[in-house]
Every structure is written in structure tokens, then in C-alpha cells.
Q: 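To start, I am sharing the structure in question, which I have written as C-alpha cells.
All chains are named by letter (A, B, ...) in the order of the sequence lines, taking the proteins before the strands, and each is independently numbered beginning at 1.
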There are 2 protein chains.
Amino acid sequence: MSLNILERLKSNPSCLSKSERKVAQVILEDPNKAIRSSIASLAKAANVSEPTVNRFCRSLDCTGFPDFKLKLAQCLATGTPYVNRNVEASDNVEEYSSKIFEATMSAISDAKRSIDPNALSRTVDALAQARRIEIYGLGASGSVAMDAQHKFFRMNTPCVAYTDVLQQRMAAAATKPGDVVIIISNTGRTIALVETARIARDSGATVIAITQPHSPLAEDSHILLGVDSPENTDIYTPMTSRIVHLTVIDVLATGVILKHGPEFQSHLKRIKAALADTRFKSAETD
Amino acid sequence: MSLNILERLKSNPSCLSKSERKVAQVILEDPNKAIRSSIASLAKAANVSEPTVNRFCRSLDCTGFPDFKLKLAQCLATGTPYVNRNVEASDNVEEYSSKIFEATMSAISDAKRSIDPNALSRTVDALAQARRIEIYGLGASGSVAMDAQHKFFRMNTPCVAYTDVLQQRMAAAATKPGDVVIIISNTGRTIALVETARIARDSGATVIAITQPHSPLAEDSHILLGVDSPENTDIYTPMTSRIVHLTVIDVLATGVILKHGPEFQSHLKRIKAALADTRFKSAETD
DNA sequence: TGACACCTTGTTGTAAAATTACAATTATAG
DNA sequence: CTATAATTGTAATTTTACAACAAGGTGTCA
């Protein structure tokens, strides 16, 4: 897609030279200002010459500076996220909430780009054929596991989430070939989960990891749904990564439903209908 | 906001003179071409002089022609919903996963625009001063409640999430003034939750709802954090709304931490440090 | 180490674009 | 049919974007 100039600015310094990167930085600091400034003022702000700004635009597949401004403007308008901005102590509500919303969007956008469709496809296949689905997570990923259970139990496949280390180990040991185990971890380094993954593997289950690529857990799983999370100081808890994990869960659930075909949807409707009486007037699942 | 330049062009010939209307017509015929043309070519296409085009722009509250092009471009970008694409049965992995990622981003972007900073601010204040924090949710919102607990328990305030209707009612009845109850619901129409909200109110707790605006739950809460969720057929489970809810939780947690000030962060660090031994090498909380 | 090629960046100059100031035209009211 | 105001166009000015070229680095190989 040609829209995401900002994304490319953020992620792709490789195709840019040193002073072009200076331009990129100035733009990222305040894109809304950038689209209103002339090539001259931008050059001054970045301490480079005007032609450098122009070359910078060309490096990004624009025909020139006006074209770049246009694309950038559209990017901003769609709410296409950018974000280099971290929350600061001096931020007021609007500032930090904007930053968090943007960071979240950005993380999803990154994931969209980097996730392996092939791995997704294989996971959907595995889930659709599974005899049983188990989902393990700890800490913040525990809630994600619970959420996944809430989605998958609607399939006709038995499905449980465990958020307790001991239960996970026992359950993993009890799996058999044909069972699918989804393990969710932000870091992929939690010792307990890695060990559980090995136990599940040894029992013959198909182990799917939603986690950081190149992590121990990623290495020990059959299928990796890699979510790179550069986020987080050592103070805050995972924010964007667990949201990306949930989105991945959505994709998987959707994939499985699609794979089951249209006649399956009446089954889903029946499940939903069971909730009707719990609500005022009419509406949808909680 | 200046979004609706196109709308005004279509509807509002009153503030425009005869030749300015000619300009408007040419632009409306092909807005996408208009944003790429110079004032000269546009003037020629409309058979008017260049300053007329410029005056036309000024009539529309733009500072000049470039500014007009910019606003028009943004208008076109937002108007072009590359986002409102629904998943279809014929979609392959890449298609439906793209759509889900995009829909999620779009929902977050909408929420960012529509959320009330004042309500956020009041919620953060309430949470920071709370004697106790309770979080209630059912179904998919149950996981959100659990996640919120996982975030808030790091504050020095006692914090519990309940995902069981009876426990929620009992807990709500046990609240006192100074306690804060957060109720999370996609629809805001779940009878049990609305009743629980009333019980909590009657007990003197401050009730905060993360839910659909104008819903029964929204009406019955002290502070509404409104999340509009147009999503979902009667088949799929809530996807984007719960993710937006989580993002709102992130904002609240961040707000509370910021309010507590820098000396509080060492407390958070200590909590994180407790996890170090559960991991391979080094990393962050799950 | 020094010479050469190559890449990056800045300087100068020019064409194009946008805008101003002002003149001409058209419409409007008395 | 004037006088006035509003509208539109012309011409000059200013600003902007870009191309051509030159200067300064950087790295490579003899």
C-alpha cells in the first residue's frame, strides 16, 4: 500500500542517508507541522540543504516535495499511526492518551506487516482439525488466553485456557497427537512456559507460539506467530503487545470460522441467541 | 474540524461567486486530480484566472491554494474507507487478516477521536484517590476486567476483578464511598451489569463505565468512558471493541502512574524485578 | 600512503507556482 | 443612466521547488 509514508519513515532508515535521516526525524517529531511547511523551512529545521529534502522525498517514491506532503497529509488524515513519542511525566491527559492510542495503532500496523501469512494459514488449519485446543498464558498473557478461550469455545472443538503454571504442565502432559496447544507470551522467555511447550511437544501436541521471534519459546514451537514488541521500559507493563496478540487471536478465530464454511454459522448464531434474554432490548455479545 | 471541504463544496454554493462555482465544479469532477494540479492548470480547466482560484480557496477558510489542496487531500483520504471492508467468505488468509488488522486500527483511531478527555481525567483522579478499585466484566469483557486488574494491582490500591455475576453483586453491595467500581461492557445492555452498577451506586461507590454511549449502563454510571462500537454481525464475537477497552485501560493506568509521580516508579520497578528469576536471560513482564 | 572512483551534501541559478496589487469589467441600486 | 459595489482578470512580485554543478567525504586498491 502506498499510503503509509509515516510507517516507512519510522521503520526504514536503511534507504536513507545520514542527512536524509535528519529530515525524517524532524518530520516525525511533528508531521502536522511538516505538511504545512515549505521545503526551505523544513531544510532549515533539519539543518540540511533544500535539495537534500527533495532527494529525501524521492527516496520515498514521491515525485517531489509537494507530492510527499500530499501523501503525508493523507497518511495523517486516515489516522495512520506513527509514533516515536513516548509518554512523558509532563504530559496532560490528551497528550498521553493520544500517544497511547497511536502507539497501539502503530504496533498493530507493524504486526500486520510482519506477521507470516503462511504461519497463520497453517495455524488455522491445525485449529480447524484439532481434537482439542488448549491455550496457556501467564500474567498479562493470562487474560489473552482467557479471551482466546472465549472465542474458540464456540467452535465445536473442546477448548480450555489455563493461566496456572501447574495446571499448564499437567494439561500439557496429558495432550495427544491431534491436540493443539497455543502458548502466548510477550517475551517468549518465561522459563515455565518454555518447559510446558517442551512437555506438550513430547506428548505429541502441535505447539503454536504467539510470542517474540527468536525467543526460546519461539524456537521450541512447531508454528511461530511472531509478534515483535520493542516496547516497554522496565516500569510499565506490556501494553501494545498483548493487544496485538488479541488481534492475532481474532484473525485465527475468523480463519477457523471461514474454514468451517457457511453452514457452521447457524451454530454460532444459536450460541449468540442464548444471550438475548440477558440484555435490555437488543444487542450483541459482551 | 475542517474535514468536510468536499461536503461544503457540494452543498454550499451560496458563499461562492459565479466563477468560483466553476472552480468548485471542476474540482468535484475529479478531486483526486485536483489535489495534484497546480493553481494554473486548475484555473485553465475551469476557464478562470489564477487569482480566482485563490479567492475560491480563501472563501473556504483556507489560507491559500496549497492549504486547500492539503485539506482536500485529507478529506479524500478519510472519505476513502479502505477500512470499512468486511471479511468475506472468499477471502484468503492475507485478505482477512489485513481486514481485521485494519478494522482494529480504525476502531482505535475512532476511539482516540471520540473519547472524552475530561472523563478520562476525572477517572484518573478517582482511581488515584481510590480506597479500593473493583472491576467487573462478563464474557469477553471478563478478560478485559482481568487484564485491568493485572495493571492496577501494581498501584498501592487494593484492586480486584470479578467475572462472576453473583460475586459482582455481592462485591458491589460491599463497596463504600471512596471505592471505585469500573464496569466494562461492550453493549452496555447486560441486565446483570446494569443492576450491579445501581447496587454499587447505592452503596456510595464511584461507578465508571467503559461501554457504549447512551446505553442503560452508560446512563447509570457516574463517569462514562464511551466507546462506540458499530461492529459485529450477529455471528462473530466482539473484536475491536474489547481491544479499544484495553487501550482505554492502558490510558487510565498510565494516567494514574503519572499522577503518582516519579518516586512511585521505583515501586513499580521492584514489582517487575520480582519476575527476573522466572525468565531466560533478561526481559520484561508477561 | 596516495590517487581514484563513488557517494553524499551543499551552492547557485532558474523555472514554475502562488500571491499581491491594481485595473477592468460586470452587476446593482437609486 | 450614472455611481457604487462586487467580481474578475492582468501584470508584477514573491515564494517555492527543482536541476545542474561543485565541493567535501569515504572507501578501495595499487
Q: Check side chain to side chain contact (heavy atoms under 4.5 Å, CB included) between B/Thr123 and all other residues, then give those that pass, not counting sequence neighbours.
A: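 Testing B/Thr123 for side chain to side chain contact (heavy atoms under 4.5 Å, CB included), a comparison that skips the adjacent residues, returns B/Leu127, B/Ile208, B/Ile223, B/Leu225, B/Leu252.
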Q: As a quick check of understanding, evaluate side chain to side chain contact (heavy atoms under 4.5 Å, CB included) for A/Ile115 and B/Phe101, giving each step before the final call.
A: CA-CA 11 Å; A/Ile115 197 127; B/Phe101 279 113; 4.2 Å; yes
Q: Check whether any side-chain heavy atom of A/Gln74 sits under 4.5 Å from a side-chain heavy atom of B/Ile35, and report yes or no.
A: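 Yes, close enough: below the 4.5 Å cut-off.
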Q: First contact, last contact: which nucleotides of DNA chain C are these for chain B, 5' to 3', heavy-atom distance under 4.0 Å?
A: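 On DNA chain C, the outermost contacted nucleotides are C/dA17 to C/dT20.
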Q: Would B/Asp110 and B/Arg113 pass as an ion pair if we require N to O under 4.0 Å?
A: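 A salt bridge links B/Asp110 with B/Arg113.
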Q: Quick check: do A/Ser185 and A/Leu138 have side-chain heavy atoms less than 4.5 Å from each other?
A: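 SC-SC contact between A/Ser185 and A/Leu138 ruled out.
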Q: For every nucleotide of nucleotides 7-13 of chain D, 5' to 3': is a protein heavy atom under 4.0 Å from its base (B), only from its sugar-phosphate (S), or from neither (-)?
A: -BBB---
Q: Thinking salt bridges, do B/Arg55 and B/Glu20 make one under a 4.0 Å N-O criterion?
A: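 Judged by the 4.0 Å cut-off on N to carboxylate O distance, B/Arg55 and B/Glu20 do not form a salt bridge.
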Q: If the test is side-chain contact (heavy atoms from CB on, under 4.5 Å), which one of B/Leu258, B/Ile257, B/Val251 qualifies with B/Thr254?
A: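 Result for side-chain contact (heavy atoms from CB on, under 4.5 Å) with B/Thr254: B/Leu258.
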Q: Could you state the NZ-C1' distance from A/Lys69 to D/dA17, rounded to the nearest angstrom?
A: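 Atom-to-atom, A/Lys69 to D/dA17, this comes out as 10 Å.
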Q: Any side-chain heavy-atom pair from A/Ile39 and A/Asn54 closer than 4.5 angstrom?
A: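 Contact flag for A/Ile39/A/Asn54 side chains = yes.
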